Enquirer: 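Have a look at this one.
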Amino acid sequence: MQTYPNQLFVDGSFRPSASGKTTPLINPATEQVFVEVAAAEVRDVDAAVESAQRAWEGGWRDLAPGKREALLHAVARKLREHQEELAQLEMLHIGKPIADARDEAGLGARVFEYYAGAVTKFGGQTLPVARGGLDFTWRQPMGVVAAIVPWNFPLAIGCWKAAPALAAGNCVILKPASLSPLTALKLGQLAYEAGLPPGVLQVLPGSGSVIGDALVTHPRIRKVSFTGSTQIGRRIMELASRDLKRVSLELGGKSPNIVFADADWQRAADSSPMGVFANTGQDCCARSRVFVERGIFEAFVERFVAVTRKLVVGDPTKAETQLGPMVSEGQRAGVEEFLEDARRQGSRFAWGGGRPHDRGFYLEPTVLLDVGKDHRCWTEEIFGPVVAITPFDDEMAMIREVNASPYGLSGSVWTNNLSRAIRVSRAVESGVLSVNSHSSVHVEAPFGGFKQSGLGRDLGMAAMEGYTELKNVYIAEI
Ligand code: NAD
């Protein structure tokens with residue numbers, strides 16, 4: 001019988017939750033419960049924080065950078081050795097197609113490799129202060145960091161947060177979403193086996209409504225690094241303000257995909273469906289609003305729909321599958337409400353809208369036209385496989401419409417005109433933008449949002465900065 005990492009990972013070992021409570025996990029492709037996972041409660045948070053603080057003061061804080069670097073490389077090696085197992089776990093609990101799940105596990109390892117290298121390259125400055133002497137800055141770790149992550153890329157985002165926080169010398173308590181704890185728990189176990197001392201990386205699966213406030217308000221937790229919805233992000237920021245706790249927030253999006261007539265628009269049309277439907281549209285960077293210059297609008301839509309019709313939606317265990325099921329029945333029901341609203345308001349369904357399979361939480365990739373600019377399918381994050389395509393005539397008016405969104409996470413611009421590429425990239429209010437590509441995530445580059453898409457940055461050296469306090473030391477010359 002298959003066994004799963006299904007208990008809390010605290011102080012270097014698996015244990016049940018203090019209450020003994022568990023949560024069932026449902027495979028979204030089969031709708032079957034396949035494992036029960038321990039659900040942490042407030043006492044477990046206290047135990048984890050105590051262990052983390054002990055580990056931090058007991059050596060992790062002051063470990064020589066070379067040793068920390070070697071340990072993080074060892075974690076990366078473990079992740080690579082267990083890449084297939086991690087991919088299978090990821091697929092099972094969230095329905096991610098296996099090919100994507102393998103990529104995600106590989107990305108997790110790459111993130112640890114990058115931050116292992118960063119340990120010995122990231123530091124302070126010396127400053128020529130006016131009064132002479134020696135002035136230098138120190139980048140110091142904060143202490144215990146809580147990393148709260150969503151269910152759509154549980155392993156990758158867990159690594160985005162854990163690796164730089166650890167590299168900077170903090171201890172981490174990772175809280176995965178209730179729907180997707182398995183890969184996070186495996187990460188905790190593998191990191192410990194790689195040599196991280198007990199308490200340095202712990203994993204607390206459980207409901208945000210039960211342990212979220214305890215993590216955010218715990219006086220020993222110095223920073224909360226959160227990825228999830230804007231609604232919960234707002235609550236975390238409010239709670240964290242009580243003791244001015246550091247927060248970084250990676251939140252929702254409603255990203256534009258802008259296609260000019262001078263672009264290689266055929267290439268744009270061929271790649272844009274997966275620019276929104278990848279991960280079954282459950283992607284904060286999904287290009288869910290497509291703006292197409294009017295002269296090519298009809299041809300673009302025709303080609304976009306032709307590509308969408310051929311997408312393979314089905315069994316995530318198969319290598320050729322491009323879209324798996326949605327993560328849960330509730331998530332699909334929420335998206336179907338959006339579609340019902342769109343029908344009522346007279347939007348055209350150029351493709352999709354139905355359920356392609358009887359079993360599993362599947363939903364067809366759906367292409368909407370004639371969506372009103374005040375309709376919620378246009379203004380709100382749907383977080384499912386739904387796109388709205390609209391024509392535009394005037395560049396400035398289109399950019400005003402793009403920037404009217406409260407979100408500002410990601411986006412694409414397709415053009416072969418260099419001046420336009422520069423002008424539009426500057427004007428779009430988003431933290432991440434790609435020209436002639438849909439690629440948003442590079443381990444080496446900062447990732448995060450403008451406006452209500454977030455605060456702070458994951459990835460790159462910017463993430464390391466976010467997990468340190470900056471101290472200035474002045475030494476007088478006497
Ligand atoms: P969510 O906000 O419901 O949950 C995210 C995490 O927060 C989960 O671990 C959840 O258990 C926890 N949580 C819930 N209530 C909490 C509380 N009161 N206090 C503390 N933690 C709490 O989001 P989700 O449904 O898991 O994920 C989807 C959302 O995440 C979308 O809005 C998506 O855009 C966003 N997202 C953003 C990024 C990014 O990098 N910007 C990446 C992926 C997902």
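Counting begins at 1 with the first residue of the sequence. Remember, predicted model here, so these are calculated numbers, not experimental data. In listed order, ligands and their atoms are each counted from 1.
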Enquirer: Checking Val172 against Val200 for the side-chain contact (heavy atoms from CB on, under 4.5 Å) test, could you report, in this order, the C-alpha distance in whole Å, the side-chain angles of both residues, the deciding distance, and whether it holds?
Expert: CA-CA 6 Å; Val172 175; Val200 170; over 6 Å; no
Enquirer: So, do Arg332 and Arg355 sit near enough that their side-chain heavy atoms are less than 4.5 Å apart?
Expert: yes
Enquirer: Give the atoms of ligand 1, by number and element, whose distance to some non-hydrogen atom of Trp151 is under 4.0 Å.
Expert: 24 (P), 25 (O), 26 (O), 27 (O)
Enquirer: Going by heavy atoms in the side chains, are Phe361 and Val327 under 4.5 Å from each other?
Expert: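 Contact flag for Phe361/Val327 side chains = no.
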Enquirer: Closer than 4.0 Å to some heavy atom of Arg235 - which atoms of ligand 1 meet that?
Expert: 18 (N)
Enquirer: I want to confirm something. Looking only at heavy atoms, which of Gly330, Pro150, Gly228 is nearest to atom 29 (C) of ligand 1?
Expert: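 Minimum heavy-atom distance to atom 29 (C) of ligand 1 goes to Gly228.
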Enquirer: Mind checking side chain to side chain contact (heavy atoms under 4.5 Å, CB included) for Thr23 and listing every partner two or more places apart, or none if nothing turns up?
Expert: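 Thr23 satisfies side chain to side chain contact (heavy atoms under 4.5 Å, CB included) with Ala39 once adjacent residues are dropped.
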Enquirer: Say whether Lys161 and Thr227, considering side chains only, have a donor N or O and an acceptor N or O under 3.5 Å apart.
Expert: yes
Enquirer: Could you go through Arg220 and Glu50, starting from their C-alpha distance and side-chain angles, then the distance that decides it, and tell me whether this counts as salt bridge (charged side-chain N to carboxylate O under 4.0 Å, His left out)?
Expert: CA-CA 9 Å; Arg220 279 253 167 94; Glu50 214 169 280; over 6 Å; no
Enquirer: List ligand 1 atoms under 4.0 Å from Ala177, heavy atoms only on the residue side.
Expert: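 Listed by number with element: 8 (C), 9 (O).
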Enquirer: Measuring from non-hydrogen atoms of Gly448 to any atom of ligand 1, is the shortest distance under 4.0 Å?
Expert: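 The answer is no: ligand 1 sits nowhere under 4.0 Å from a heavy atom of Gly448.
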Enquirer: Any N/O of Val216 closer than 3.5 Å to an N/O of ligand 1?
Expert: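 Looking only at distances, the answer is no, because the N/O contact criterion of under 3.5 Å is not met.
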Enquirer: Give the atom numbers and elements of ligand 1 that come within less than 4.0 Å of a heavy atom of Pro176.
Expert: 9 (O)
Enquirer: Could you say whether the N/O atoms of Ser207 and ligand 1 ever approach to under 3.5 Å?
Expert: no
Enquirer: Taking a cutoff of less than 4.0 Å between a non-hydrogen atom of the residue and any ligand atom, is Ile157 in contact with ligand 1?
Expert: yes
Enquirer: Taking the six-membered ring of Phe447 (Phe, Tyr or Trp), confirm whether the NZ or CZ of Arg457 is under 6.0 Å from its centre and within 45° of its axis.
Expert: no
Enquirer: How far is atom 41 (N) of ligand 1 from its nearest protein heavy atom, and which residue and atom is that?
Expert: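 So the nearest neighbour among protein heavy atoms is Leu251 O, 2.7 Å.
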Enquirer: Tell me the protein heavy atom at minimum distance from atom 8 (C) of ligand 1, and give that distance in Å.
Expert: Val149 O, 3.3 Å
Enquirer: Go through Tyr467 and Trp160 one step at a time and tell me if the ring pair (Phe, Tyr, Trp, His ring centres under 6.0 Å) criterion holds.
Expert: CA-CA 12 Å; Tyr467 291 111; Trp160 293 9; over 10 Å; no
Enquirer: Give the residue, atom name and distance (to 0.1 Å) of the protein heavy atom nearest atom 3 (O) of ligand 1.
Expert: Ser229 OG, 4.0 Å
Enquirer: Taking heavy atoms and a distance under 4.0 Å, where does Asp283 meet ligand 1: side chain, backbone, both or neither?
Expert: neither
Enquirer: Using the ring-ring contact (aromatic ring centres under 6.0 Å, His included) rule, pick out the option among Tyr407, Trp151, Phe338 that qualifies with Phe383.
Expert: Trp151
Enquirer: State, yes or no, whether a side-chain contact exists between Glu104 and Pro154 at a heavy-atom distance under 4.5 Å.
Expert: yes
Enquirer: Counting heavy atoms only, name the option from Val432, Thr230, Asn152 that's nearest to atom 43 (C) of ligand 1.
Expert: Asn152
Enquirer: List the closest protein heavy-atom neighbour of atom 20 (C) of ligand 1: residue, atom name, distance to the nearest 0.1 Å.
Expert: Gly212 CA, 3.3 Å
Enquirer: Could you walk me through whether Asp213 and Arg235 pass salt bridge (charged side-chain N to carboxylate O under 4.0 Å, His left out), step by step?
Expert: CA-CA 9 Å; Asp213 287 5; Arg235 176 179 170 78; 2.5 Å; yes
Enquirer: How far is atom 42 (C) of ligand 1 from the closest protein heavy atom, and which atom is that?
Expert: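 For atom 42 (C) of ligand 1, the nearest protein heavy atom is Cys284 SG, 2.9 Å.
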Enquirer: Which one holds for Glu381 and ligand 1: side chain close, backbone close, both close, or neither close, with close meaning a heavy atom under 4.0 Å?
Expert: side chain
Enquirer: Can you confirm whether Val292 sits close enough to Phe304 that some side-chain heavy atom of one is under 4.5 Å from a side-chain heavy atom of the other?
Expert: no
Enquirer: Which ligand 1 atoms are under 4.0 Å away from a heavy-atom of Thr227?
Expert: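 Near Thr227, meaning under 4.0 Å from one of its heavy atoms, ligand 1 has 5 (C), 36 (N), 37 (C), 38 (C), 39 (C), 40 (O), 42 (C), 43 (C), 44 (C).
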Enquirer: What's the shortest distance from atom 33 (C) of ligand 1 to any protein heavy atom, and which residue and atom give it?
Expert: Phe383 CE1, 3.2 Å
Enquirer: Return the set of residues passing ring-ring contact (aromatic ring centres under 6.0 Å, His included) with Phe153 (not counting sequence neighbours), or none when no residue passes.
Expert: none
Enquirer: Just to confirm my output: which protein heavy-atom neighbour is closest to atom 7 (O) of ligand 1, and how far is it?
Expert: Phe226 CE1, 3.2 Å
Enquirer: If you have a sec, work out which protein heavy atom is nearest atom 15 (N) of ligand 1 and how many Å separate them, to one decimal?
Expert: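 Protein heavy atom with the smallest distance to atom 15 (N) of ligand 1: Ile232 CD1, 3.5 Å.
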Enquirer: Does any N or O of ligand 1 fall below 3.5 Å from an N or O anywhere on Phe153, backbone included?
Expert: no
